[in-house]
J.: 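Before we start, here is the structure in question, set down as structure tokens.
Here the structure is a predicted model, which means the values were calculated and not measured. Order of the sequence lines fixes the chain letters, A, B, ..., with proteins taken first and strands second; residue numbering starts at 1 for each chain.
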Amino acid sequence: MSEALIKHFAKKLIAWHGVDGRQGLPWQSVRDPYAVWVSEIMLQQTQVATVLERYPRFMKRFPTIKKLAAAPLDDVLAEWAGLGYYTRARNLHACAKQVVEAFGGKFPSDTILLEQLKGIGRSTAGAIAAFAFHERAPILDANVKRILARLFGIEGTIQEKAVNDQLWLLAKKLLPNNAADMPVYTQALMDFGATWCTSRKPVCLTGIKRCPFAKDCQANLSDQVLVLPRKVIKAKSPEFDCDMLLLRHGDTVLLQKRPEKAIWGGLWSLPESEWRAKEKNLAGHAQRSEAYLTSKDLFKLVLPNEKTFTALKSCKPIERGLEIKHIFTHRRLWMQIWHVSTSDAVKLSGGDLQWVSLRQLGKYGLPQPIKLLLQALSLVRGDDLRS
DNA sequence: AAGGCGGGGAG
DNA sequence: CTCCCAGCCTT
């Protein structure tokens with residue numbers, strides 16, 4: 001039973017793709033390894049609908065790997081803003097430099113070499129090798145893990161190394177014999193997982209369409225489709241408070257470049273306090289930042305991390321602006337926005353603080369909630385941030 | 001092996 | 001709300 005499935009899987013899947021696969025995605029018809037690579041990185045943990053909007057923009061902005069490698073990192077981050085997981089953008093830039101310097105701007109076709117490049121792991125290396133070079137290299141993304149766990153009735157969680165090893169072994173065994181089939185086969189795998197063998201509403205349970213593997217699928221035969229692959233119970237995401245300073249001077253706003261390792265790493269954001277564990281009771285209020293007008297019209301904002309913004313003359317009275325709730329995958333953040341304007345721009349000595357013209361904001365990569373905040377306050381139009 | 005890292009869509 | 005996603009990297 002299992003052996004027959006392994007033998008005919010690729011052929012059946014490709015046949016399925018011919019009828020019910022996704023067609024017309026802009027990166028599907030592409031053979032240029034650079035274009036394939038960009039699409040694979042952008043699609044990591046990011047939905048197709050989002051990438052459909054952003055991929056053409058990125059390719060227009062950075063049409064070749066040499067132009068990407070030669071661009072300032074800040075420009076790449078600005079183009080990536082809103083997509084999340086900004087390490088991808090830094091790695092993309094670093095990888096472009098690697099390929100230009102070590103391989104003359106041409107991606108290697110060998111997965112061993114591909115995996116040594118920044119931001120390219122085993123699965124992405126397989127996808128690039130398959131799509132761009134017709135290599136018989138497997139992928140193992142969330143789609144494939146789910147398909148295989150169900151087809152072969154694999155118990156145990158995906159995190160376990162033994163399970164992961166087993167899945168990679170299966171992925172390799174299922175590859176089509178003909179290397180020329182690798183692009184369509186790899187695409188078919190992704191399409192099948194994304195549209196038919198889905199996590200929550202697989203077609204085998206809806207009864208409308210007939211899964212070509214219904215009679216082979218261990219999960220289907222044992223009524224385990226919805227529980228495979230086994231989920232890991234996740235802890236509730238912790239909650240934080242922080243204060244942010246929206247300081248305006250004329251048509252400029254004060255931005256601060258974020259450290260690379262933090263969340264929104266490398267993006268430009270508002271100066272902020274350190275994050276504090278959110279206190280549900282009022283006792284936590286004592287921890288809040290203090291913002292007040294000092295004598296002689298000097299503005300002073302004292303943040304809990306002891307960073308102090310002072311010596312700003314002629315500030316308008318301090319508004320304690322809106323509080324923004326932002327939800328990450330693993331965190332919840334309440335941002336208290338302190339909206340202040342001054343007629344006297346403070347002289348900036350540090351490199352990470354910068355006055356930025358509102359019209360120039362589009363050149364800066366902003367965290368999505370900050371971008372939305374500035375739009376909501378009509379400080380900037382959507383078009384200005386589209387660049 | 002576990003945790004960090006965004007954002008948006010689906011249910 | 002919760003869960004999920006064309007993962008990778010660091011610890």
Side-chain angles (χ1 to χ4, degrees), chain A residues 22 25-28 36-55 77 80-92 94-95 114-131 138-147 156-165 167-168 171 183 186-195 197-202 206 226 229 231-239 258-267 269 275 325-333 365-372:
Chain A
R22 292 180 292 193
L25 298 176
W27 48 89
Q28 283 180 340
V36 169
W37 165 65
V38 171
S39 76
E40 289 306 321
I41 303 298
M42 196 174 282
L43 283 158
Q44 286 171 3
Q45 303 291 290
T46 305
Q47 295 189 331
V48 166
T50 304
V51 174
L52 276 176
E53 293 181 13
R54 302 296 299 266
Y55 178 75
L77 281 164
W80 202 266
L83 281 169
Y85 286 144
Y86 300 97
T87 298
R88 290 185 296 173
R90 284 194 298 279
N91 284 338
L92 202 70
C95 180
L114 284 169
E115 277 185 65
Q116 292 171 21
L117 298 170
K118 293 280 189 185
I120 299 180
R122 191 170 172 186
S123 188
T124 299
I128 296 170
F131 283 132
I139 61 168
L140 191 63
D141 61 18
N143 286 317
V144 182
K145 287 175 181 174
R146 185 173 56 255
I147 294 167
T157 64
I158 301 296
Q159 283 77 358
E160 296 169 53
K161 177 168 163 45
V163 173
N164 204 254
D165 290 347
L167 290 171
W168 272 110
T186 304
Q187 188 63 53
L189 263 183
M190 294 170 166
D191 288 357
F192 186 68
T195 62
C197 194
T198 64
S199 181
R200 304 230 213 169
K201 231 168 65 174
T206 65
L226 283 185
K231 277 72 176 176
V232 178
I233 294 136
K234 290 165 193 162
K236 194 179 174 217
S237 42
E239 304 181 336
R258 301 182 58 81
E260 284 200 350
K261 303 229 167 174
I263 206 161
W264 296 319
L267 296 193
S269 186
W275 296 13
K325 180 184 182 184
H326 187 70
I327 299 176
F328 301 99
T329 304
H330 302 296
R331 275 150 180 51
R332 291 153 198 276
L333 177 65
L366 303 175
Q368 193 68 355
I370 303 303
K371 171 182 162 182
L372 295 176

J.: Please state the C1' separation for the pair C/dC5 and B/dG6 - nearest whole angstrom.
T.: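 Looking at atom C1' only, C/dC5 and B/dG6 are 12 Å apart.
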
J.: Is A/Gln45 close enough to C/dG7 that one of its side-chain N or O atoms is under 4.0 Å from OP1 or OP2 there?
T.: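 For C/dG7, OP1/OP2 do have a side-chain N/O of A/Gln45 under 4.0 Å.
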
J.: Counting side-chain heavy atoms from CB outward, which of B/dG6, C/dA6, C/dC1 is closest to A/Arg88?
T.: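 The listed nucleotide nearest to A/Arg88's side chain is B/dG6.
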
J.: Find the distance A/Trp80:CH2 to B/dC5:C1' and express it as a whole number of Å.
T.: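 Answer to the nearest Å: 13 Å.
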
J.: Mind checking whether A/Trp275 and A/Phe328 have parallel, tilted or perpendicular rings, split at 30° and 60°?
T.: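 Taking A/Phe328 first and then A/Trp275, their aromatic rings lie parallel (interplane angle under 30°).
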
J.: Could you work out which one of C/dC4, B/dG6, C/dA6 sits closest to the side chain of A/Ser199?
T.: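 Closest nucleotide to the A/Ser199 side chain: C/dC4.
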
J.: If you look at every strand shown and take non-hydrogen atoms under 4.0 Å, does A/Glu115 touch a base, only sugar-phosphate, or nothing?
T.: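 Result for A/Glu115 = nothing.
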
J.: How long is the line joining CG of A/Leu140 and P of C/dC5, in whole Å?
T.: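 Value for this atom pair: 12 Å.
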
J.: Taking for each residue the nucleotide of DNA chain B bearing the nearest heavy atom, is the 5' side occupied by A/Arg200 or by A/Gly84?
T.: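 Residue closer to the 5' terminus by nearest nucleotide: A/Gly84.
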
J.: Across the strands shown, which category fits A/Thr186 at heavy-atom distances under 4.0 angstrom: base, sugar-phosphate, nothing?
T.: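 Nothing, no nucleic acid heavy atom in range.
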
J.: Per the atom types in the model, does the base of B/dC5 pair as donor or acceptor with the side chain of A/Arg331 at under 3.5 Å?
T.: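 Looking at the base of B/dC5, it does not pair with any donor or acceptor on the side chain of A/Arg331 (distance under 3.5 Å).
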
J.: Between A/Glu160 and A/Lys201, just flag the one whose closest nucleotide in DNA chain B comes earlier from the 5' side.
T.: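 It is A/Glu160 whose nearest nucleotide is closer to the 5' end.
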
J.: What about A/Thr329: does its side chain form a donor-acceptor pair under 3.5 Å with the base of B/dG6?
T.: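 Under the 3.5 Å cut-off, the side chain and the base do form a donor-acceptor pair.
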
J.: What are the two closest non-hydrogen atoms of A/Arg258 and A/Ser269, and how far apart are they?
T.: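 For A/Arg258 and A/Ser269, the tightest heavy-atom pair comes out as CD-CB, 3.8 Å.
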
J.: A/Ala127 near the nucleic acid: base, sugar-phosphate alone, or nothing, with a heavy-atom cut-off under 4.0 Å?
T.: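 No contact.
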
J.: Would you measure the distance from the P atom in B/dA10 across to the matching atom in C/dA6 and give it in whole Å?
T.: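 Going atom to atom, P in each nucleotide, I get 14 Å.
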
J.: Need one value for A/Arg146: base, sugar-phosphate or nothing, where a base atom within 4.0 Å counts as base even if backbone is also close, heavy atoms only.
T.: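 If one applies the 4.0 Å heavy-atom cut-off, A/Arg146 turns out to touch the sugar-phosphate alone, with no base involved.
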
J.: To the side chain of A/His330, which of B/dC5, C/dC5, C/dA6 is closest?
T.: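 Closest nucleotide to the A/His330 side chain: B/dC5.
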
J.: Where the side chain of A/Tyr86 is concerned, which of B/dG6, C/dA6, C/dC4 is the nearest nucleotide?
T.: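 For the A/Tyr86 side chain, the nearest candidate turns out to be B/dG6.
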
J.: By the 4.0 Å heavy-atom rule, please label A/Ile120 as base, sugar-phosphate, or nothing.
T.: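 Sugar-phosphate only.
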
J.: Counting any heavy atom closer than 4.0 Å, what does A/Gly82 reach on the DNA or RNA strands: base, sugar-phosphate only, or nothing?
T.: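 Sugar-phosphate only.
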
J.: Could you tell me whether the side chains of A/Arg88 and A/Thr46 share a donor-acceptor contact shorter than 3.5 Å?
T.: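 Short answer, yes.
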
J.: Could you please name the option among C/dC1, C/dG7, C/dA6 that lies closest to any side-chain atom of A/Trp27?
T.: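 Nearest to the side chain of A/Trp27 among the choices is C/dA6.
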
J.: Would you find more than 12 non-hydrogen atoms of other residues, nucleotides or ligands less than 6.0 Å from A/Lys231 atom NZ?
T.: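 Counting neighbours around NZ of A/Lys231, more than 12 heavy atoms of other residues, nucleotides or ligands fall under 6.0 Å, so yes.
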
J.: Can you tell me if A/Gln47 touches the phosphate of C/dA6, counting only side-chain N or O atoms and a distance under 4.0 Å to OP1 or OP2?
T.: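 Negative; the distance criterion is not met.
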
J.: Does A/Arg332 have a side-chain nitrogen or oxygen under 4.0 Å from the phosphate oxygens OP1 or OP2 of C/dT2?
T.: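 Yes, because at least one side-chain N or O of A/Arg332 sits under 4.0 Å from OP1 or OP2 of C/dT2.
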
J.: Between A/Glu160 and A/Thr157, what is the shortest heavy-atom contact and its length?
T.: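 Closest approach of A/Glu160 to A/Thr157, heavy atoms only: OE2-N, 2.8 Å.
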
J.: Any side-chain heavy atom of A/Thr124 sitting closer than 4.5 Å to one from A/Ile41?
T.: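 Side chain of A/Thr124 against side chain of A/Ile41, heavy atoms only: contact under 4.5 Å found.
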
J.: A/Thr124 side chain N/O closer than 4.0 Å to the phosphate oxygens (OP1, OP2) of C/dC8?
T.: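 Yes.
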
